[in-house]
Chemist: 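One structure is given below, represented as structure tokens, and several questions about it will come after.
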Amino acid sequence: MPAEPAVPPAPLREPFHIIDPESFHRTFLDEICALATDVRAVAKSREGRLGLQALLSDRRAMLYFTQPSTRTFLSFDNACHILGIRTSEIRDPSTSSEVKGESLEDSIRTFSSYVDIIIMRSAEPGLAARAARLMDSIARRLPIVNAGSGPDQHPTQALLDIYTLDRSFAERGGIEGKTIGMMGDLARGRTVRSLCHLLRHYPGVRLRFLSPPEFRMRADVKETLSRHAIEFDETDEPATALPGLDALYLTRLQSEYDRPGENARFDHARFGIGPDELARMNPDAIIMHPLPRGPELDPRVDDDPRAMYWRQERNGMWVRAALLIRVLGAEAQLRELGR
Ligand code: NCD
């Protein structure tokens, strides 16, 4: 029997749903980073791990992932297990009542009858936001976490990316003032779109978008950056930009969003990195990738100390645990464990 938590759960705070990174404040980002570091520290001892397992052992989560996922699913699932949260999952809509024509609204409402939080990924942009609006209109209002909504947003990935940048630059004055390159399919890569929305909170950050013309960062993101006076430029000649970067965030071609008959391609040798590009980068630059990789990221980069993507992937689990603690109001209990 898991022990009763010593401190009763706190009332849920804003943001209630985790949907739109544009609405996150800097204080929220700092809180998530600090919580992730705290959970990780507590989890270092067996006693701490057992304590964490009692933290939210009275809660249940629904993992509704109808679009393929390895890391996001596994890191959320394991973050739930670390905190004692029991999980139910639907990963294949052909096994749910959606095949009988049940609407998203009815499905979500049904999940809400059984669990305390719904974490969802779908190929359709805006679906998580729709689920959140539904929750706001019913008596049993549950938090919805967007674990990726089509080519649109991926807020929890952006949080773990911020955490990774924050830790990497901890001894170098933080994320502020850094030059961050984003390379690849910036038009359809939701991770870079969401990350841009969060980077606007770090004064002095400069963004360099490195992509073929037809895969450029979309206007909505660029407008947000301009509105917040974040400097950015874009080029289809990445080779010249590499030497000045503090961080390079690579993305793969998002071919799952090709329109019927479309077979979008770009030159991975130009918009990717291998030993030659590594040799041109700063000795203390970091290389990030949300993974899975395509041909843009040569496996020979893996052993370079600047490669941060495996650490970034592990950070995902701690950041998602931090997020669950924050959304489900267990920060005080975590502090107790950390004493
Ligand atoms: C990303 C995604 O699903 O958007 N992967 C992830 O969540 N780690 C990136 C991608 O699939 O390219």
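Order of listing sets the numbers, starting from 1, for every ligand and every atom in it. Just so it is clear, the values below take in all heavy atoms, side chains as well, and ignore hydrogens, waters and symmetry mates.
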Chemist: Between ligand 1 and Q254, can you find any atom pair, the residue atom being a heavy atom, that is separated by under 4.0 Å?
Modeler: yes
Chemist: When only distance counts, is T72 in polar contact with ligand 1, meaning an N/O pair under 3.5 Å?
Modeler: yes
Chemist: What are the atoms of ligand 1, with element, lying closer than 4.0 Å to any heavy atom of R252?
Modeler: 10 (C), 11 (O), 12 (O)
Chemist: So, does K178 use its side chain to make a donor-acceptor pair with the main chain of G174 at under 3.5 Å?
Modeler: yes
Chemist: Going by the angle between their ring planes, with limits at 30° and 60°, are F215 and F266 parallel, tilted or perpendicular?
Modeler: perpendicular
Chemist: Could you check whether R141 makes a cation-pi contact with F16, meaning its NZ or CZ is under 6.0 Å from the centre of the six-membered ring and within 45° of the ring axis?
Modeler: yes
Chemist: Verify the neighbour count for atom NE2 of H228: are there more than 12 heavy atoms of other residues, nucleotides or ligands below 6.0 Å?
Modeler: yes
Chemist: Measure the distance from atom 3 (O) of ligand 1 to every protein heavy atom, then report the residue, atom name and distance (to 0.1 Å) of the closest one.
Modeler: R190 NH2, 2.9 Å
Chemist: So, H81 and R86: side-chain donor and acceptor under 3.5 Å apart, yes or no?
Modeler: no
Chemist: For the 3.5 Å polar cut-off, considering only N or O atoms, please tell me whether L291 and ligand 1 meet it.
Modeler: yes
Chemist: Taking atom CZ of R109 as the centre, report whether more than 12 heavy atoms of other residues, nucleotides or ligands fall under 6.0 Å from it.
Modeler: no
Chemist: Using a 4.0 Å cutoff against the non-hydrogen atoms of R121, which atoms of ligand 1 qualify?
Modeler: 3 (O), 7 (O)
Chemist: If you take the nearest heavy atom of each of G184, P151, P290, which one is closest to atom 8 (N) of ligand 1?
Modeler: P290
Chemist: With a cutoff of 4.0 Å, is P292 in contact with ligand 1, counting heavy atoms of the residue only?
Modeler: yes
Chemist: Between S96 and D92 (side chain of the first, backbone of the second, donor and acceptor by atom type, cut-off under 3.5 Å), is there such a pair?
Modeler: no
Chemist: Using a strict 4.0 Å cut-off to heavy atoms of Q157, name the atoms of ligand 1 that fall inside it.
Modeler: 6 (C), 7 (O), 8 (N)
Chemist: Assess whether atom CZ of R218 is packed by more than 12 heavy atoms of other residues, nucleotides or ligands within 6.0 Å.
Modeler: no
Chemist: Taking only heavy atoms of H154, which atoms of ligand 1 are found under 4.0 Å from at least one of them?
Modeler: 2 (C), 4 (O), 6 (C), 7 (O)
Chemist: For ligand 1 and T191, I'd like to know whether there is a polar contact (N/O to N/O, distance under 3.5 Å).
Modeler: no
